[in-house]
Amino acid sequence: MANKPSIPKGTRDFSPLEMARRNHIFDTIRRIFKVHGFLPIETPAMENLSSLMGKYGDEGDKLLFKILNSGDFKALLSPEDLSQTPAGKLGTMISGKGLRYDLTVPFARFVVQHRNELTFPFKRYQIQPVWRADRPQRGRYREFYQCDVDVIGSTSLLNEFELIQIIDEVFTALGLKVVIKLNNRKVLAGIAEVIGAPERMTDITVAIDKLEKIGQEGVLAELEQKGLSQDSIQKLDPLLLMEGSTQEKLEFLKKFLKASEIGNEGLSELGRLLDYVETDPVGADLEFDLTLARGLNYYTGSILEVKSAEVSIGSICGGGRYDDLTGIFGLEGVSGVGISFGADRIYDVLNQLERFPKRATLDTTLLFVNFGETEVKHIIPILGSLRKNGIATELYPEQAKMKKQMTYANSREIPFVALVGEQEIQDGHITLKEMETGKQERLTPEELVERLSSAK
RNA sequence: GUGGAUGUAGCUCAGUAGGUUAGAGUGCUGGAUUGUGGUUCCAGAGGUCGCCGGUUCGAACCCGGUCUUCCACCCCA
């Protein structure tokens, strides 16, 4: 043992306590996905690199984990390749597979590949880890879980509405206060059009996205640096100063985007979506946020993002509509919309607020003390009947000192201990000790099942 | 990918003008208490001071590199 064992940067082990808490999150999310009629799928951890590359922008390509080809990958490279190709490119030449970066792109691949077996609109959920070669920080890991729900094969805004309801239900169930931010890519496209730079939508939205952080002047400076014309920048300026309620902002944009067909379409979608929400208002704060852009470049319509109202950790859920995603895999004209919950960040938020249910850790209900072979043999059938009745029961595997066995029960937070020694065997009873109060009672095996069924 | 911090017992942390056997609390093991845990008392085990190298008679402490974790940027769940 020369070196202590370790795990790769940005990955984590999970203890039983952490697992109980993580499962609380997954179970809550899964339950709500199910009652909305979504169906589960899973896809492989690795995908062909060709399925992944170019789907997340240049930045995303850099963050993909690539899997080295087996065999003599050196033979794939000529001497010129080795000396002239940049190191980043070289990776893709000796690698044909990569770890998935999100669940949406593999889902699009799945839909195209299985299109004949699926019934559309197809509503699926998927809870699996994804990997990104990012530099780790708080709330940012290299391996983390996403919980995705998507509807594909329907353009109805009812789907967006349902996703908003799901978000609200999940965070209500988890006891978190959140802000849901809403925007529409068509509005952003309209803005780029109106200010005379339709080709620069990405640069413009990325800059606007930083409004809160770097301010109005910062945004304008960044756009100037990116080579946007003075004329366009001047036209954009009033938009950055826009204030007021969601309704007021939409009114303002209506005038601003008057000349843009796509912009109007975006506004209309936003308006209709908000109308749906009004029929059954959500508990969370729902606001229109022009500065919401979202990096993934396949979004084309509604985009949304959820942030904790109590802890600053980045977004804990996000998503949007994508009209062209399956087109990349050869299936045109299928629109989808979906969101992704970041389970690890939700965990961090709940942890920081100490808002996990108290008994999320409780597993074993009853421990039998081990007094020796004779007693053990007498106990074994009783263990069976307790477990058949759904009572989580353990027998201490060693004939250790009483104190040691009691300490075990105590540190495991097992609420009941059963004592069966010589006396108990003789009169057919079990001594049950309730750890919290220290009270003891003598029960028959049937009474024990009865007693613990009501206590668990 | 760029810049900046961090790393001492299982855990939380003390410990520098570089100088004998590196400390505390908590946890762990044993005993007081051979069928009764959480409180108390006593005793004990546990550290190549992240790793590698350098300076020095001598390094936990100074210097360089490396890894980890964290912070800012970038981006994002």
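We name chains A, B, ... by the order of the sequence lines, and we start the count at 1 in each one.
In the set B:rC75, B:rU36, B:rA77, the nucleotide with an atom closest to the side chain of A:Gln146 is B:rA77. Listed nucleotides: B:rG37, B:rG31, B:rC74. Nearest to the side chain of A:Lys210: B:rC74.
Residue contacts for A:Tyr141: at a heavy-atom cut-off of 4.0 Å it reaches a base atom on one of the strands shown. When heavy atoms are screened at a 4.0 angstrom cut-off, A:Glu375 is found touching no nucleic acid atom at all. Within the 4.0 angstrom heavy-atom criterion, no nucleotide atom of any strand lies near A:Cys147. Within the nucleic acid shown, A:Gly314 has no heavy atom closer than 4.0 Å to any nucleic acid atom. Nucleic acid contact for A:Val349: none, since no nucleic acid atom lies under 4.0 Å from a heavy atom of the residue. Within 4.0 Å (heavy atoms only), A:Gly57 reaches no atom of the nucleic acid at all. At the heavy-atom level, A:Lys213 lies under 4.0 Å from the strands shown only through sugar-phosphate atoms. A:Leu419 comes within 4.0 angstrom of a nucleotide base, judged by non-hydrogen atoms across all strands.
Under 3.5 Å, the side chain of A:Gln405 and the base of B:rU36 form no donor-acceptor pair of N or O atoms. Side-chain atoms of A:Arg135 stay outside donor-acceptor range of the base of B:rC73, with no qualifying N/O pair under 3.5 Å. Taking 3.5 Å as the limit, the base of B:rC75 and the side chain of A:Arg132 contain no donor-acceptor pair of atoms between them.
Close to B:rA72, at under 4.0 Å from its OP1 or OP2, lies a side-chain N or O of A:Gln137. Taking only side-chain nitrogens and oxygens, A:Arg138 comes nearer than 4.0 Å to OP1 or OP2 of B:rC71.
In this structure, A:Glu422 places its CD atom where only 12 or fewer heavy-atom neighbours from other residues, nucleotides or ligands lie under 6.0 Å away. Annotation for A:Met201: atom CE counts as buried by contact number, over 12 foreign heavy atoms lying within 6.0 Å. Summarising the local packing, CG of A:Asp58 is surrounded by 12 or fewer heavy atoms from other residues, nucleotides or ligands at distances under 6.0 Å.
Geometric assessment of A:Arg124 against the ring of A:Phe107 yields a positive cation-pi assignment under the 6.0 Å and 45° thresholds.
Taking the P atoms as reference points, B:rU8 lies 23 Å from B:rG4, given to the whole Å.
Under the 4.0 Å criterion applied to side-chain N and carboxylate O atoms, A:Asp348 and A:Arg345 are not assigned as salt-bridge partners.
You'll find the ring centres of A:Phe38 and A:Tyr125 outside the 6.0 Å limit. Aromatic rings of A:Tyr347 and A:Phe356 (six-membered ring for Trp) have centroids within the 6.0 Å cut-off, being under it. Aromatic rings of A:Phe341 and A:Tyr145 (six-membered ring for Trp) have centroids beyond the 6.0 Å cut-off, not under it.
Minimum interatomic distance between A:Ile208 and A:Thr291 (heavy atoms only, all atoms of both residues): O-CB, 3.5 Å.
Base pairing in RNA chain B gives the following stems of 3 or more Watson-Crick or G-U pairs, range against range and under 3.5 Å: B:1-5 with B:69-73, B:10-13 with B:23-26, B:28-32 with B:40-44, B:50-54 with B:62-66.
What separates CG of A:Asp148 from P of B:rA77 is a distance of 10 Å, to the nearest Å. Between the NZ atom of A:Lys404 and the C1' atom of B:rU29 there is a distance of 8 Å, given to the nearest Å. Computed from coordinates, the A:Gln225 CD to B:rC74 C1' distance equals 13 Å when rounded to whole Å. Note: OH (A:Tyr396) to C1' (B:rU36) measures 14 Å, nearest angstrom.
In the model, A:Thr431 has a side-chain atom that pairs as donor or acceptor with a side-chain atom of A:Glu424 under 3.5 Å. Using a 3.5 Å distance cut-off with no hydrogens or angles, the side chains of A:Asn183 and A:Glu305 do not pair a donor with an acceptor. With no hydrogens or angles considered, no side-chain donor-acceptor pair links A:His429 and A:Gln423 at under 3.5 Å.
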Apply side chain to side chain donor-acceptor pair (under 3.5 Å) to residues A:Tyr408 and A:Glu398 and explain how you reach the verdict. CA-CA 12 Å; A:Tyr408 174 83; A:Glu398 309 283 335; over 6 Å; no
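Applying the 5.5 angstrom centroid cut-off and the 30 degree plane-angle cut-off, the aromatic ring of A:Phe144 is stacked upon the base of B:rA77.
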For nucleotides 67-69 of chain B, list the nitrogen or oxygen atoms of the protein found under 3.5 Å from its nitrogen or oxygen atoms, one pair per line.
residue, atom, partner, partner atom, Å
B:rU68, OP2, A:Lys9, NZ, 3.2
B:rU69, OP1, A:Gly10, N, 3.1

Base-contact (B) and sugar-phosphate-only (S) positions in nucleotides 38-43 of chain B, heavy-atom cut-off under 4.0 Å, - elsewhere: B-----
